[in-house]
Number of protein chains: 2
Amino acid sequence: MARRSDHTRDELRGLVINTSIDIIQTDGFQALTARKIAGIIGYSPGTIYNLFPSMDALCLIINGMTIDALNETLNDPACNKVGASPADNMKAMARQYLDFAAQNKERWMMLFAYKLPEGEDVPVWFQEKVAALFAPLERILTPLYKNDAKACKLAARTLWASVHGICFVEQTGKMPIVIGSSSGEAMTSTLIDNFVAGI
Amino acid sequence: MARRSDHTRDELRGLVINTSIDIIQTDGFQALTARKIAGIIGYSPGTIYNLFPSMDALCLIINGMTIDALNETLNDPACNKVGASPADNMKAMARQYLDFAAQNKERWMMLFAYKLPEGEDVPVWFQEKVAALFAPLERILTPLYKNDAKACKLAARTLWASVHGICFVEQTGKMPIVIGSSSGEAMTSTLIDNFVAGI
DNA sequence: CAATAAATTGAACGCTGTTCAATTATTAGT
DNA sequence: ACTAATAATTGAACAGCGTTCAATTTATTG
């Protein structure tokens, strides 16, 4: 029996979360089970339920952390250069997104493949994390929509969703590769070039 | 015991598939279980496995049918008018997509949320169905890329993925509604207008 | 040192996909 | 018509899942 003084409650929570992310990244989020986590960290399944109300809640927390990590890359200086044109910053930001998804594929897939059970709805703190994702792109677009904040918001959400769609299609590999090796980047470039030119 | 002459093998397969679609659309694809299907059609769980190699295979077939149905709406005359401008046809096509997703939400969600287990990869017949989805949009775009078939393909895939992303974001409701009631259509319009203007 | 509180456990419940020997229904051959 | 072969159907069984909870162990407090 694991002694309760081995870890504080928060340490244990962190241990569970980190172990979960490892499992997800290695074997996919479908492989994440309470018994597996417990086995790895040397506790019993019941302990997971002392730390988290349910596996769903744990998944939601992990998804929140994934969004935080993604958000961080979108705020990276590499795609927020003061001297660069909006189009160049946007392309860099799209690249950041594509790279993040590629490097954290399973974690990122889980973000969209995972569905809360019937009845349960997404908590506010999670929705806020999602909403925060649009800010960086909106910031870049602002100079292009000087006098129309509404149009700026619409454009930011349109572009963000579009890049997400391109990323999704690329990651799931459901698109025949006719474009070349880096089709994701080719598509985001085409998207951004045409969109900006059309403003 | 259900008599084997109640239905032919193909009838039974169709019965399983239709029942599955009903369950998915009513309670979500997570609610689809072999025992539930069997109970509804009056057979035992084992019979499902006489008709389909696994639940995964059944899901794949259903996903294929969903793609077929989606493909059909994209070939609808409503978004392939001979007199209309490419932009108008594209907007109509995007609308068809958005409407299809809205009216077949669970079925459509399953298309993306469902993931084949470790090792198994998507069969060719399924990949071909997915590839066929791009043809209608490519057809519309052709007149805009008279002398560059390659650029046309890239644009078609870019736009398709973008519209999908917009649809996904709208359906999953993970985007704060700041645009208005029909944000999906507002976004696809913005996307297409800007994109076409930028060509 | 005793009493209280908290953490940990592991068996149990009902669910899942899946397998398979046994049973039943149908067809083919004589 | 009767038998033999074939095919369909069943339902128990297995391993795994999320989850619950009484019992046990550990730590803290009075």
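Lettering of chains follows the sequences in order, A, B, ..., and the numbering in each one begins at 1. Hydrogens, waters and symmetry mates play no part in the numbers below; they use all other heavy atoms, side chains included.
Rounded to whole Å, the distance from CG on B/Leu32 to P on C/dG17 is 8 Å. Between B/Glu11 atom CD and D/dA8 atom P there is a gap of 14 Å when expressed in whole angstrom units. For A/Gln30 and C/dG17, the CD to C1' distance is 13 Å, given to the nearest whole Å. Protein atom CD1 of A/Ile23 is 10 Å distant from nucleotide atom P of D/dC17, rounded to whole Å. D/dT10 atom P lies 10 Å from atom CG of B/Leu51, rounded to whole Å. Note: CZ (A/Arg4) to C1' (D/dT24) measures 12 Å, nearest angstrom. For B/Ile37 and D/dT10, the CD1 to P distance is 14 Å, given to the nearest whole Å. Between the OH atom of A/Tyr43 and the C1' atom of D/dT19 there is a distance of 20 Å, given to the nearest Å.
Closest contact between the side chain of A/Asn50 and the listed nucleotides D/dT19, C/dG17, C/dA7 involves C/dA7. Checking C/dT8, D/dG18, C/dT18 against every side-chain atom of A/Ala34, the shortest atom distance belongs to D/dG18.
Checking the phosphate oxygens (OP1, OP2) of D/dC17, a side-chain nitrogen or oxygen of A/Thr33 falls inside 4.0 Å. Checking the phosphate oxygens (OP1, OP2) of C/dC15, no side-chain nitrogen or oxygen of B/Arg35 falls inside 4.0 Å. At the phosphate of C/dT9, OP1 or OP2 sits under 4.0 Å from a side-chain N or O atom of A/Thr47.
B/Trp108 and B/Phe168 have tilted rings, their planes meeting at an angle from 30° to 60° on a 0 to 90° scale. Ring pair A/Trp160/A/His164 is parallel by interplanar angle, where below 30° counts as parallel and above 60° as perpendicular.
Counting any heavy atom pair closer than 4.0 Å across all strands shown, A/Ile48 reaches no nucleic acid atom.
Between B/Ile62 atom CD1 and B/Leu111 atom CG the span is 11.5 Å, to the nearest 0.5 Å.
None of B/Val16, B/Thr47, B/Leu60 except one satisfies the side-chain contact (heavy atoms from CB on, under 4.5 Å) rule with B/Phe52; the exception is B/Val16.
A side-chain donor-acceptor contact under 3.5 Å links A/Arg139 and A/Asn75.
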